[in-house]
Every structure is written in C-alpha cells, then in structure tokens.
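Predicted model, so just to flag it, every value in this text is computed and none were measured.
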Amino acid sequence: QVQLVESGGDSVQPGGSLRLSCAASGATDTTYIMAWFRQAPGQHREGVAAICSDGSMTYEDSVEGRFTISIDKAKNTMYLEMSSLAPEDTAMYYCAADEGTRLITLPTYWSKWRFPYWGQGTQVTVSS
C-alpha cells in the first residue's frame, strides 16, 4: 500500500515561489506514474504535471514554463517547484501515484489515469 503525504503549501504574493513535496512510502515497483493535481473552490480537479518512471514529464498549458516537476528517488519524494505564481494558481494541490503500470512512457491521457493512491492535499493561496 502506497502512502503519500504532501507538504509545502503556503500563502504567497503574486510573483512568488513555492516548492511542494510529496513523500511516498510503501512503493515497491520500479515502474510508476506520479502527478500533481489541483482543485480550486467550485472548480473541477485538474492535472497540473506528471512524471513517469522513464523520466518523461509533462505540464498543463497554464503552468508550462513556471512549474517544474521532479523526483528524488533516494528520498522517495516528488516535488513541484512553482514560480511566478498568480492568483489563479490558488487551489488545494494533491499528489497522486500508481505503480506496476508497465508504462513505457507518460501517456497523453495521464490526467484521466485512475490513480489509486492520493495524498491529503496541501493548500496554496496566492493573493496580495
């Protein structure tokens, strides 16, 4: 059973930066897909970024160039480096994971992937 714990959410001013962390425990397979999602009040959950065990990664259009997803395998931790934050980035951010996927690379439909493991979320608020 994989457990995910997010941290790093905070309140920042527009233009600020944050780094979110997602610590994973209980993972046993070397093939995996992990992703960050976010949900603002009254909005549907949306995929923000994803990374696969082959190293491929992708971003939602509105965060491309501002957010960076990465994994530290030694620490079993996924990160989301966020810069140039804007009020529209305000949301609860969740990490999600699946393992044993047999994926060769990140699928284009990653945001629709049925991730079995989710963290509890960490709040990011961007306001002046």
Side-chain angles (χ1 to χ4, degrees):
Q1 184 79 5
V2 176
Q3 294 186 322
L4 305 174
V5 179
E6 302 101 331
S7 61
D10 205 346
S11 294
V12 297
Q13 294 187 339
S17 300
L18 280 176
R19 186 177 79 163
L20 305 184
S21 300
C22 173
S25 61
T28 59
D29 204 288
T30 56
T31 61
Y32 56 84
I33 177 175
M34 296 187 73
W36 287 98
F37 288 80
R38 66 185 179 185
Q39 187 167 20
Q43 302 293 318
H44 294 296
R45 185 175 64 196
E46 66 171 350
V48 176
I51 188 166
C52 193
S53 46
D54 71 326
S56 57
M57 58 190 74
T58 190
Y59 300 90
E60 191 267 330
D61 287 347
S62 70
V63 308
E64 181 85 49
R66 300 188 298 123
F67 291 9
T68 303
I69 190 171
S70 63
I71 285 181
D72 184 331
K73 294 180 181 179
K75 295 183 178 179
N76 290 329
T77 300
M78 176 176 67
Y79 300 99
L80 186 68
E81 298 271 2
M82 306 185 294
S83 63
S84 301
L85 285 163
E88 48 266 36
D89 295 315
T90 295
M92 184 71 79
Y93 283 71
Y94 300 90
C95 65
D98 194 6
E99 62 171 357
T101 65
R102 300 183 181 180
L103 287 170
I104 296 174
T105 193
L106 202 57
T108 56
Y109 52 87
W110 65 271
S111 63
K112 303 279 193 293
W113 189 268
R114 293 177 182 265
F115 290 94
Y117 308 114
W118 291 83
Q120 82 289 350
T122 187
Q123 178 67 39
V124 172
T125 303
V126 185
S127 70
S128 54

ask   = Looking only at atom types and distance, does a side-chain atom of Thr125 sit under 3.5 Å from a main-chain N or O of Ser11, one as donor and one as acceptor?
value = no
ask   = Do Leu85 and Leu80 sit in the same hydrophobic cluster, where Ile, Leu, Val, Met, Phe, Trp and Tyr count as joined when their side-chain heavy atoms come under 4.5 Å apart?
value = yes
ask   = Would you call the rings of Phe67 and Tyr93 parallel, tilted or perpendicular, where under 30° means parallel and over 60° means perpendicular?
value = tilted
Considering all heavy atoms, the nearest Met78-Cys95 contact = CE-CB, 3.6 Å
message = Using every non-hydrogen atom in the two residues, find where Val12 and Ser17 come nearest and quote the distance to one decimal.
response = CG1-O, 4.1 Å
request  = Report the residues that fulfil side-chain contact (heavy atoms from CB on, under 4.5 Å) with Pro14, sequence neighbours left out, ordered by chain and then residue number.
outcome  = Pro87, Val126, Ser128
ask   = What class does the angle between the rings of Phe115 and Trp118 fall in, given that below 30° is parallel, 30 to 60° is tilted and above 60° is perpendicular?
value = perpendicular
message = Using only atom types and a distance under 3.5 Å, with no angle test, would you say the side chain of Gln3 pairs donor to acceptor with the backbone of Gly26?
response = no
ask   = So, the side chain of Glu6 versus the backbone of Gln120: is there a donor-acceptor pair under 3.5 Å, distance only?
value = yes
Qualifying residues under salt bridge (charged side-chain N to carboxylate O under 4.0 Å, His left out), relative to Arg66, sequence neighbours excluded = Asp89
remark   = Correct closest heavy-atom pair for Gln39 and Gln43 would be NE2-O, 3.0 Å
remark   = All heavy atoms of Met92 vs all of Gln123, minimum pair found to be SD-N, 3.5 Å
inquiry  = Among Trp113, Tyr32, Tyr117, exactly one meets side chain to side chain donor-acceptor pair (under 3.5 Å) together with Asp98. Which residue is that?
reply    = Trp113
message = Under 4.5 Å between side-chain heavy atoms, counting indirect links through other Ile/Leu/Val/Met/Phe/Trp/Tyr residues: same cluster for Tyr94 and Trp110 or not?
response = yes
key: Derivation of the side-chain contact (heavy atoms from CB on, under 4.5 Å) call for Asp54 and Ile104   = CA-CA 7 Å; Asp54 71 326; Ile104 296 174; 5.7 Å; no
inquiry  = In this structure, would Val124 and Tyr79 fall into the same cluster of hydrophobic residues linked by side-chain contacts under 4.5 Å?
reply    = no
note = Smallest heavy-atom separation, Gly8 atom then Thr122 atom, equals N-OG1, 4.0 Å
